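This report concerns only the one structure given below.
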Amino acid sequence: MGNQIKKLQFKRKIKNKDLSRDNFQKLKTVGKGSFGKVYLVQEEETRKIFAMKVLNKKEMIKRKQVKHVITEKKILERIKSPFIIDHHSSFQNKEKIFFVMEYLNGGDLFDRLSIEKFFTEKRVLFYAASIILALQTMHKHGAIYRDLKPENILIDSNGYIKLIDFGLSRILKSKNKRKTKYQKCKTCCGTVEYIAPEVILGQKYGIEVDYWSLGILIYEMLHGRPPFYSENKNVMYEKIIYDDPKISSSVSSEMQNLIRQLLNKNPEKRLGSPYQFKNIHDHPVFIDLDWQKLYEKKYQPEFIPKGNEFDNSQFNSQQAFQKKSKSLLDPKKLNLEPIEHLTFKGFYPITNNTQILKNVQKIKNIH
Ligand SMILES: Nc1ncnc2c1ncn2[C@@H]1O[C@H](COP(=O)(O)OP(=O)(O)OP(=O)(O)O)[C@@H](O)[C@H]1O
């Protein structure tokens, strides 16, 4: 069984290595991040629709983002969940890094909140529980997400949500896999409104920071604004460290309790912390939720985006493409800069023929 999975994973790796920008037709821009753009693309061979995130290598090197790009790739490749964006492939050329992912056409929670101002408690519960399942999968793999916020949560055509953007995630290393959830790191990062107090205070922190951000997100989805806000960053930091959240009396007492437990300033006492014996699934607010049913996406979401533009099924029949000839493993054609190429190690294609031969040999050995 283990060998079978290894074989499949290896075949997938080799398949990814054969992909390049040429395999995809750019259709339109769907998003813009700090370091690059995200496009709607169509794979020529299969005619399937994907989202392609394109990052500029020089810019990433200049802004010291190389480690983040490599982490994003590792997370996308390793961590699979119904609530995390599905990764198709990633590769590079001379100037750019490409991430090809499934395309979600329902927009993000930031835009939805801007339009609707706030969500019903039922809808908030549905999103919160889906995020808990995504975070638990990440934590199980020894990763902290560190960037939970409405902009990074996309809605699919059925109304279910998925996390995107793993550039700020951190993979914790531990020899003992069962202990990774207790591991800590120290770098200060994240979006100010969502940063946990222990991060601001420069303390070592762990997976609890994601539960803090979940508390902020739940609050924002119910009130239309985050609990600790100021135009002045330093005032905002102070509020995060010292203030208690002011929760509207229209919020149910169970939900108020969930928010307060997630926004516990002491990470070890925070709901979701590995030091807490209480399982977040057992919180009274989730009493009527069937977690397995949610995992299997058998609930009918309250909000379903209108229209299925660029749904794969529709698009396949509408688009036709000319086949372009390509020699994907020809280094001259790819015109790779060896140093930059090595900087982003792990991203295919590989220019070195010896490496290709080694891989072919490896496949033979697996068979
Ligand atoms: N898989 C996807 N399907 C549809 N739209 C997407 C997808 N991935 C990203 N987008 C859109 O592109 C935007 C930017 O994506 P993303 O946050 O991954 O980029 P980034 O450069 O890492 O951004 P950031 O500045 O937050 O680090 C998202 O807010 C979203 O609107």
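Just follow the structure's listing: the first ligand is 1, and inside any ligand the first atom is 1. Index from 1, following the sequence. Since we're looking at a predicted model, the values are computed, not measured.
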(message) Strictly below 4.0 Å, N to O, side chains only: are E72 and K53 in salt-bridge contact?
(response) yes
(message) For the residue pair R123 and F119, would you count it as a cation-pi contact if the rule is NZ or CZ under 6.0 angstrom from the ring centre and within 45 degrees of the ring axis?
(response) yes
Could you pull out all donor-acceptor pairs under 3.5 Å where a side-chain atom in residues 211-223 meets a protein atom, sequence neighbours excluded?
| residue | atom | partner | partner atom | Å |
| --- | --- | --- | --- | --- |
| W212 | NE1 | I195 | O | 3.3 |
| S213 | OG | Y194 | O | 3.0 |
| S213 | OG | V209 | O | 3.1 |
| Y219 | OH | R225 | NH1 | 3.3 |
| Y219 | OH | K246 | O | 2.5 |
| E220 | OE1 | Y194 | OH | 2.5 |
| H223 | ND1 | Y219 | O | 2.9 |
| H223 | NE2 | S248 | N | 3.0 |

(message) E72 versus ligand 1: do any nitrogen or oxygen atoms come within less than 3.5 Å of each other?
(response) no
(request) Report the nearest protein non-hydrogen atom to atom 28 (C) of ligand 1: residue, atom name, distance rounded to 0.1 Å. (result) I164 CD1, 3.8 Å
(message) Any carboxylate oxygen within less than 4.0 angstrom of a Lys/Arg side-chain nitrogen, looking at E59 and R63?
(response) yes
(message) Can you confirm, on distance only, whether ligand 1 has an N/O atom lying under 3.5 Å from any N/O atom belonging to L104?
(response) yes
(message) When you compare ligand 1 with Y103, is there at least one nitrogen or oxygen pair between them that comes in under 3.5 angstrom?
(response) no
(message) For the 3.5 Å polar cut-off, considering only N or O atoms, please tell me whether K149 and ligand 1 meet it.
(response) no
(request) Looking only at distances, please establish whether an N/O atom of ligand 1 is found under 3.5 Å from an N/O atom of D165. (result) yes
(message) Looking only at protein heavy atoms, which one is nearest to atom 11 (C) of ligand 1, and what is the separation?
(response) G31 CA, 3.9 Å
(request) Would you kindly specify which portion of L40 sits under 4.0 Å from ligand 1, judged on non-hydrogen atoms: side chain, backbone, both or neither? (result) neither
(request) Please determine, by modelled atom types, if Q65 and H68 share a side-chain donor-acceptor pair under 3.5 angstrom. (result) yes
(request) Cation-pi check, K74 to F166: give yes when NZ or CZ is under 6.0 Å from the six-membered ring centre and within 45° of the ring axis, no otherwise. (result) no
